[in-house]
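For reference, the structure is listed below as structure tokens.
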Amino acid sequence: MIAKTTSGVLLLAALLFSTAVFAQKKPNVLWVLTDDQRYDAVRAFNQILHGRDSSELGYVESPRVDELVAKGTTFINTYCQATGCAPSRASMMYGRYPFRSGVYEFEYHNNNAEHCKPSLPEQMAELGYQTMHVGKLGFRIKTIKDGRAVAHPVFQTDIGFKKLGKDGLTDWGKDWFYEMDGKKLAAPIKNLEYIVSPEGEFSYLSDELEQHKGAAEKATEDYDLLRHYNEGQAKSASKGMIISGVSSQPAGKTRDGYYTHFLSEYLKQENTEFSAGSRSFKGVDPTQPVFAHIGFDFPHTPVLPPANYRARFQQHTYQVPAFDAKELEGMPQQLQKQIKAKSSDHFSDEEKQKMIQDYYAFCAYGDQLVGQATDDFIAYSEKHQQPWMIVYVCGDHGWKLNDHGAVSKFTTWEVDSHNPIVIVSSDKQAFPAGKVVTDYTEFVDIAPTILSAAGADIEAEAFSYLDGLDMAKVAAEEIPARDYVVGESHAVIGPRAYLRTKEYVFSMQTRPDKIRGKDLDWALKASYEDLDAALYNTVEDPKEKNNLAYHKSYRKIAEKMRAKLTDIVLGDGRVEVEWGSKADGTKVFYSNFAPGAHDHRLKLK
């Protein structure tokens, strides 16, 4: 029998109190985002969707993301809202569709227009979080002060990638240069590419620099670089995106390697200054919950896997996606525009193999970095007995590897828009281990999911602007399944919106041009033929090659999807803003002729 002393009762009360406090703690949150990553680079996604380990193209490996899938909940049918980096990332940062935020492509925008709301990291700071970002952000926000648009940092600690590159902590970089070889330049050199050797020497990839003549050709030879080139076009050593090559640095010393390193430093150097090149930052404060975001560059161009990864993947032969030029005959003009601009079917067989081998090798290397970042984050949280949550997003959109005869992104096809999300949490009730959710989810769901986990009441009026859903409730089936996903992007191909169901995907041109506020109702008045429409039966035609938009037998389905899409993106709270060339514009245009049209319901049969 144990005697109940006063001190014992007090000790028990203290233990119960500390447990109650722990139970109320906000979780530390790590948001991991890769860039231009197709879902078939992840074995677990291939297994879930297709019942095979590899991509249809061939061998892939992703042991660390596969571990996350085993430990957490996979939202396998997640789609992005825009198939270009900046508008896609804006939809994640705001939790709003492009047609609600007014960010449709790569334009810089500001937070002063009347419809603007705080971004996700700013909301997290309001909830008591310390916020940190390392790597690529791609969120082109500014704020207006004294009549001018100026930088607007949204993270309290921001270890941006450009300065790391200028400090030589990278293998490749691209930036404006105001001085070179220790001398100030009369005019800046814009968007100059460079490669950093293991010895820290910079090779500038431009033959327009007299003192660096031949550097681009030498780098092309040294690192086996293959740049994109169109049919009939001469190959260049300094122009065109690098779609194949080998990194100048060993694993761990690349751009992405340094991002992982500095996330680790931030978590290890608690309340202590640490150096990141020429800058200093203060490490995490364990008394506050942390919201950290690591934005990886892989496998975005330049595709430069470290030598050891490249050598392994060169042992595999890949099935190159076949392209029949007849597909162009029924292809919408907007999509043809992208195909012609980034065509790849004319590449030699060797070039196609290298392009695919290096892409998947780069993904495999990145997979290890994702694993290291998540390991460090979990270790930090568990060291301090703090709850945690990891949100892994497979690409801000996808990427073509000769699919439809081209490379790059920017189209409404599956290969460019399907990007699964995995959420792993110390709260296994909210996000059970090994669970796969097949209901549709969207990138606009990321912000409300993280905010809700952080303690925000996203049903409150203050968060009514959010377009997305709490993915914990989607996983628990507390929210009816969506019948469709929706998006719109204006980048490269021009204004185009899409609506995807489990059987069909419909897309159409939404505007005759990109002038904001002009002809908002154009798609309402335009003839069906002028909409440059596409309709694919994704059950019978999963590669989306046979456009049925103008087939009589599918016209009723196409018209019904057209009407729904038009009401949603043009008539249910549409916003367009004259941001201006300097991002200082705040004039807002609205269109709201079909309020409530976006109800997630669409029955086609």
Side-chain angles (χ1 to χ4, degrees), residues 36 38 57 80 82-88 104-106 191 225-244 299-303 320-356 359 397-418 487-498 505-514 526 529-536 541 543-550:
D36 287 13
R38 3 178 341 138
L57 279 62
C80 67
T83 51
C85 297
S88 179
Y104 293 96
E105 50 182 328
F106 289 86
N191 299 316
L225 305 182
L226 171 63
R227 290 182 181 270
H228 177 266
Y229 65 96
N230 280 321
E231 191 169 11
Q233 181 185 62
K235 296 181 183 179
S236 171
S238 59
K239 295 179 181 178
M241 56 188 183
I242 299 170
I243 57 175
S244 171
H300 192 290
T301 56
V303 181
V320 180
F323 175 67
D324 187 338
K326 290 182 179 179
E327 184 186 343
L328 290 170
E329 296 174 6
M331 187 183 294
Q333 292 297 312
Q334 284 184 309
L335 302 188
Q336 282 192 42
K337 180 179 179 181
Q338 197 278 333
I339 297 303
K340 292 175 180 178
K342 290 294 182 284
S343 60
S344 58
D345 201 51
H346 60 283
F347 291 178
S348 69
D349 291 343
E350 180 185 2
E351 289 171 336
K352 290 176 182 176
Q353 283 296 319
K354 287 172 63 175
M355 171 181 74
I356 297 172
Y359 180 89
H397 43 69
W399 183 260
K400 291 182 287 295
L401 292 170
N402 205 58
D403 306 83
H404 304 281
V407 293
S408 195
K409 54 260 186 170
F410 300 121
T411 74
T412 51
W413 289 311
E414 170 93 356
V415 68
D416 283 352
S417 59
H418 190 173
E488 181 178 5
S489 179
H490 294 189
V492 177
I493 66 172
R496 193 172 188 86
Y498 82 89
V505 57
F506 177 85
S507 65
M508 68 179 189
Q509 184 170 337
T510 54
R511 301 284 301 286
D513 54 46
K514 298 180 181 180
E529 286 68 24
D530 288 340
L531 292 176
D532 196 29
L535 175 71
Y536 299 100
D541 178 26
K543 300 291 177 56
E544 300 173 359
K545 294 185 176 184
N546 183 22
N547 183 10
L548 304 171
Y550 299 96

Exercise. State, yes or no, whether a side-chain contact exists between I493 and Q336 at a heavy-atom distance under 4.5 Å.
Key: no

Quiz prompt | pair I356-P321: side-chain heavy atoms closer than 4.5 Å | solution = yes

Practice problem: Report the residues that fulfil salt bridge (Lys or Arg N to Asp or Glu O under 4.0 Å) with K342, sequence neighbours left out, ordered by chain and then residue number. | Solution: none

Quiz item: Would you say P332 and Q509 make side-chain contact, with heavy atoms under 4.5 Å?
Solution: no

Practice problem: Compare all side-chain heavy atoms of E351 with those of Y229 and state whether any distance is below 4.5 angstrom. | Solution: yes

Quiz prompt | D36 (side chain) donor-acceptor with G398 (main chain) under 3.5 angstrom | solution = no

Quiz item: Can you tell me how far OH of Y536 sits from CG of D541, rounded to the nearest 0.5 angstrom?
Solution: 8.0 Å

Quiz item: Taking side chain as C-beta onward, heavy atoms only, is V415 less than 4.5 Å from R38?
Solution: yes

Quiz item: Heavy atoms, side chains only, cut-off 4.5 Å: are T411 and K400 in contact?
Solution: yes

Quiz item: Residues two or more places apart in sequence or in another chain: which of them pass side chain to side chain donor-acceptor pair (under 3.5 Å) with T83?
Solution: none

Quiz item: Can you list the steps and then say if C85 with F106 is a side chain to side chain contact (heavy atoms under 4.5 Å, CB included)?
Solution: CA-CA 8 Å; C85 297; F106 289 86; 4.1 Å; yes

Quiz item: How about S408 and M241: do any of their side-chain heavy atoms sit closer than 4.5 Å?
Solution: yes

Exercise. Not counting sequence neighbours, list each pair that qualifies as a salt bridge (Lys or Arg N to Asp or Glu O under 4.0 Å) and has a residue in residues 320-340.
Key: none

Practice problem: For the residue pair W399 and Y359, categorise the inter-ring angle as parallel (less than 30°), tilted (30 to 60°) or perpendicular (more than 60°). | Solution: parallel

Quiz item: Quick one: salt bridge (Lys or Arg N to Asp or Glu O under 4.0 Å) partners of K514, sequence neighbours excluded?
Solution: E105

Quiz item: Are any non-hydrogen side-chain atoms of T412 and V505 less than 4.5 angstrom apart?
Solution: no

Quiz item: What pairs with R496 under salt bridge (Lys or Arg N to Asp or Glu O under 4.0 Å), at least two apart in sequence or on another chain?
Solution: D532

Practice problem: Go through the structure and list residues passing salt bridge (Lys or Arg N to Asp or Glu O under 4.0 Å) with K545, not counting sequence neighbours. | Solution: none

